[in-house]
Amino acid sequence: QRQTSDAPFFMIPTAPEGGANNNSPACKIEVPERLTVSHGALVRNGLTDRCICLPVREAVDAEILLVHSEEYLEAVKQTPHMTLEDLKEFTLQYGDVYFHPNIYHCAKLAVGSALQLVDSVLMGKVKNGMALVRPPGHHSMRSAANGFCVFNNVAIAAQYAKQKYGVKRILIVDWDIHHGQGVQYCFEDDPSVLYFSWHRYEHQKFWPNLKDSDYDIVGKGEGAGFNINVPWNKVGMENSDYLSVFCHVLLPIAYEFCPDLVLVCAGFDSAIGDLEGEMCATPDIFAHLTYLLMNLAEGKLCAVLEGGYNLTSLAQSVCQTVQTLLGDPLPPLTNLTGPCRSTLESLQCVRAAHRQHWSCLRHAVDLPTFEISTIRIKSSGEENKDEAEVWEEQKSPEEKIWPEPPKRVSPRVCSAVVLPDGVVCPDACERLSSSEDLGPHLLTLKKDFLKDADDSAVTALSRVFSLIDKMKNNEIRNGLALVGDAAMTMTCVVQHVAAEVDSRVFLVCVGNGNIPGHIIEDGKTLVVQISGEDTEEQGSKYYVPVCLKKGCTDTSGFAQAMFSLLLPLGYQHNPSLVLLVRMPGSGVCDIMWQQLTALLQSFAQGHTLVLLQEDDKACVGPTASILLGNPAPPLGQLPASLKEDAEAVERLRSRLQADWNLLLATAPENG
Ligand SMILES: CC(O)(O)NCCCCNCCCN
Ligand SMILES: [Zn+2]
């Protein structure tokens with residue numbers, strides 16, 4: 001209740017596994033403690049108090065039959081009455097799944113919980129939420145249980161949302177480390193459901209060893225292009241690898257698709273410490289992955305737990321996800337060393353496979369369709385299976401350690417504003433009082449910055465400096481200033497901040513206007529300027545001029561620059577302050593501006609200072625709404641960007657990627 005975004009979640013009574021008599025094949029890793037430690041961590045971090053806890057219910061037959069066959073449902077219905085012998089017999093017909101007399105009840109509760117969450121979000125009772133459920137769902141198929149899954153919780157939730165609410169387009173993001181083949185099969189010919197999954201694959205050597213999990217499986221018939229598989233052919237993937245897939249594959253396509261609802265198969269076995277995944281991404285990455293999806297579908301996001309078997313990283317990852325759903329500032333992601341070669345191969349192959357289906361990829365640099373070193377096992381016969389099994393047995397993962405995710409403290413004030421006297425302060429914003437002592441800055445301002453400026457400019461600038469001080473002390477999260485001269489204010493702000501020791505500014509300048517040279521050469525300020533001016537030749541490592549043929553009015557070109565340039569650069573620069581400047585006459589549309597303002601809050605723990613020129617007074621409200629944590633409205637389904645714009649962005653990326661390797665999306669030619 002106390003949060004603008006209530007993020008509910010549920011608990012379901014956990015089935016006591018067949019531990020009773022130890023000859024029952026109880027699963028060793030999909031254990032009840034997964035939910036108790038996750039819930040315990042949410043309580044310990046004060047997050048349950050900030051959520052509303054929705055009631056759970058059992059799914060009814062009709063809901064389960066949205067995905068599963070009658071015969072399968074009938075068969076599962078028998079399991080509560082089976083002896084342990086019968087249960088073992090029953091289990092053998094499926095792969096890697098364990099049946100317990102109580103699992104049918106729990107599986108119905110897991111589906112019912114996911115549907116309760118979908119109801120609450122689509123009826124507008126809550127903004128978003130997370131369902132902590134067991135058993136998981138994304139492997140279960142129309143007539144088969146698989147991989148600890150009985151009913152496909154998320155696939156049923158998607159069909160339910162379409163049937164009951166007429167939702168047109170649903171994005172399912174599956175960040176579990178296993179391929180949710182059950183979801184893929186359910187929607188492979190359905191263009192209204194875009195399924196994205198990354199998964200440990202190792203050239204088909206990893207479970208479930210399916211050729212269907214590879215990057216070239218893009219969906220069928222009407223559904224071609226609406227199934228995205230990103231195979232991880234190596235273990236040890238890190239935060240950089242995950243972010244580069246979001247920036248260069250998922251986000252551009254997701255924004256082009258423009259979903260009305262986002263469902264997440266939130267499996268956390270893709271986090272460090274999990275012996276199934278053997279990856280090295282840290283729990284705080286899920287804070288960012290969640291946030292990057294929250295400006296789609298106007299924030300309507302339902303996360304449903306899938307896997308995650310290291311109880312420590314699972315609990316931390318769940319807390320990181322829920323904290324982001326609650327609107328808390330994002331933690332800084334440090335030492336992003338860029339994607340590894342194997343990731344670049346996968347990126348390149350996925351983008352090549354989907355080029356014909358998505359206009360955001362159409363002009364991507366000619367992706368050579370080189371044969372990646374895929375030693376594909378022929379359709380896995382038994383002998384190959386043994387080979388795969390043997391392969392898995394060989395690994396002996398060493399114990400991983402990682403730092404506790406940093407605390408994410410919300411400042412007392414979210415948004416503070418500096419406005420000329422006549423301009424109304426937007427609701428929920430705090431106006432920097434005019435009595436604000438101008439003392440400390442006034443003298444330096446007069447001397448250093450504004451020799452001949454009039455007093456009102458000096459006063460405004462001193463208040464802007466006060467906003468920055470308050471952000472530095474984390475008294476406020478972000479700030480907005482309506483000033484007489486945005487360009488001059490921008491220059492003074494950068495100089496003022498760059499003078500501090502460990503400050504790094506990410507300056508995003510929208511619209512024409514020249515950026516003074518000295519700003520760029522300080523090595524602490526990274527400038528991205530998106531405009532219609534052709535200033536390409538002036539580019540340098542720290543100055544990235546994006547020139548759009550039709551200027552900032554071109555939403556597609558702007559969006560492309562945002563994902564494939566601005567996001568990777570911002571993550572790698574890891575600024576302490578984001579300065580977003582809207583130059584007069586930029587032509588950028590309000591929704592694009594709002595999307596940009598929202599995305600930039602991924603950096604600097606949300607410390608964004610927005611500068612608007614006085615005659616852009618009409619932008620104060622829409623900008624403040626985003627700074628306060630409201631989701632940005634949808635851009636609509638994006639058409640292809642101009643070929644010359646896409647090529648210009650590609651030229652920029654290839655010029656810059658030596659210095660900023662998060663920009664990379666293709667494997668270098670050489671060996
Ligand atoms: C929900 C989930 O995606 O985490 N389920 C993972 C199931 C993993 C099964 N492993 C079988 C290994 C056989 N040697
Ligand atoms: Zn998994």
Side-chain angles (χ1 to χ4, degrees), residues 17 25-35 38 91-92 94-99 103 106-107 110-111 114 131-141 144-156 172-186 195-202 204-210 212-213 229-232 235 237 242 263-279 281 286 289 303-311 313-314 317-318 377 380 382 384-397:
E17 289 307 311
C27 185
K28 295 174 188 54
I29 57 172
E30 209 291 283
V31 295
E33 289 71 22
R34 295 180 59 229
L35 291 192
S38 301
T91 300
L92 290 181
Y94 304 119
D96 303 289
V97 63
Y98 303 80
F99 276 82
I103 197 164
C106 290
V111 174
L132 286 175
V133 298
R134 286 182 67 229
H138 68 156
H139 296 300
S140 61
M141 292 159 271
N146 179 266
F148 314 155
C149 306
V150 176
F151 298 137
N152 201 313
N153 308 318
V154 170
I156 295 170
I172 300 177
V173 177
D174 189 336
W175 65 47
D176 186 287
I177 205 59
H178 298 94
H179 180 218
Q181 83 279 30
V183 184
Q184 169 170 303
Y185 295 144
C186 183
Y195 177 59
F196 167 93
S197 170
W198 62 37
H199 32 270
R200 182 174 172 180
Y201 189 58
E202 289 172 301
Q204 208 179 334
K205 283 200 190 68
F206 188 70
W207 187 91
N209 313 91
L210 298 172
D212 286 345
S213 307
N229 284 333
V230 179
W232 299 121
V235 292
M237 294 303 180
Y242 289 10
L263 302 180
V264 181
C265 288
F268 297 105
D269 41 17
S270 42
I272 190 168
D274 194 290
L275 299 185
E276 278 288 310
E278 290 191 82
M279 297 301 171
F286 295 104
L289 302 184
V304 181
L305 182 68
E306 294 282 358
Y309 306 100
N310 176 305
L311 300 181
S313 66
L314 168 64
S317 303
V318 165
I377 301 175
S380 56
E382 269 325 297
N384 287 325
K385 208 75 156 155
D386 301 344
E387 189 179 307
E389 295 295 316
V390 164
W391 174 275
E392 283 176 16
E393 263 42 46
Q394 274 160 356
K395 66 182 191 267
S396 57

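Numbering of ligands and ligand atoms starts at 1, following listing order. What you see is a predicted model; the values in this text were computed from it and never measured.
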**Prompt:** What part of E276 sits under 4.0 Å from ligand 1 if we count only heavy atoms: the side chain, the backbone, both or neither?
**Reply:** side chain
**Fill in**
Note: I177, heavy atoms under 4.0 Å from ligand 1, region reported as neither
What residues, two or more places apart in sequence or in another chain, satisfy side-chain contact (heavy atoms from CB on, under 4.5 Å) together with [X]?
X	answer
A271	F286, S313, S317
S38	L132, L314, V318
C149	P136, H138, H139, S140

What about [X]: any of its N or O atoms under 3.5 Å from an N or O on ligand 1?
X	answer
D269	yes
D176	yes
P136	no
H139	yes

**Request:** For D269 and I177, indicate whether the former's side chain and the latter's backbone hold a donor-acceptor pair under 3.5 Å.
**Result:** yes
**Asked** Quick one: does D176's side chain have a donor or acceptor within less than 3.5 Å of a partner on G307's backbone?
**Response** yes
**Asked** Under 6.0 Å between ring centres, would you say that holds for H178 and W207?
**Response** yes
**Request:** Assess the pair W232 and W198: is the distance between their ring centroids shorter than 6.0 Å?
**Result:** yes
Numbered atoms of ligand 1 (with element) below 4.0 Å of [X], judged on heavy atoms:
X	result
H138	1 (C), 2 (C), 3 (O)
Y309	1 (C), 2 (C), 4 (O), 5 (N), 6 (C)
D96	11 (C), 13 (C)

**Request:** Sort by chain and number the protein N/O/S atoms found under 2.8 Å from the Zn ion (ligand 2).
**Result:** D176 OD1, D176 OD2, H178 ND1, D269 OD2
**Asked** Does a side chain donor of either Y201 or N229 reach within less than 3.5 Å of an acceptor in the other side chain?
**Response** no
**Request:** State whether a side-chain donor-acceptor pair under 3.5 Å links D174 with Q184.
**Result:** no
**Request:** Work out which heavy atom in C265 is nearest to a heavy atom in I172; give both atom names and the distance.
**Result:** SG-CG2, 4.0 Å
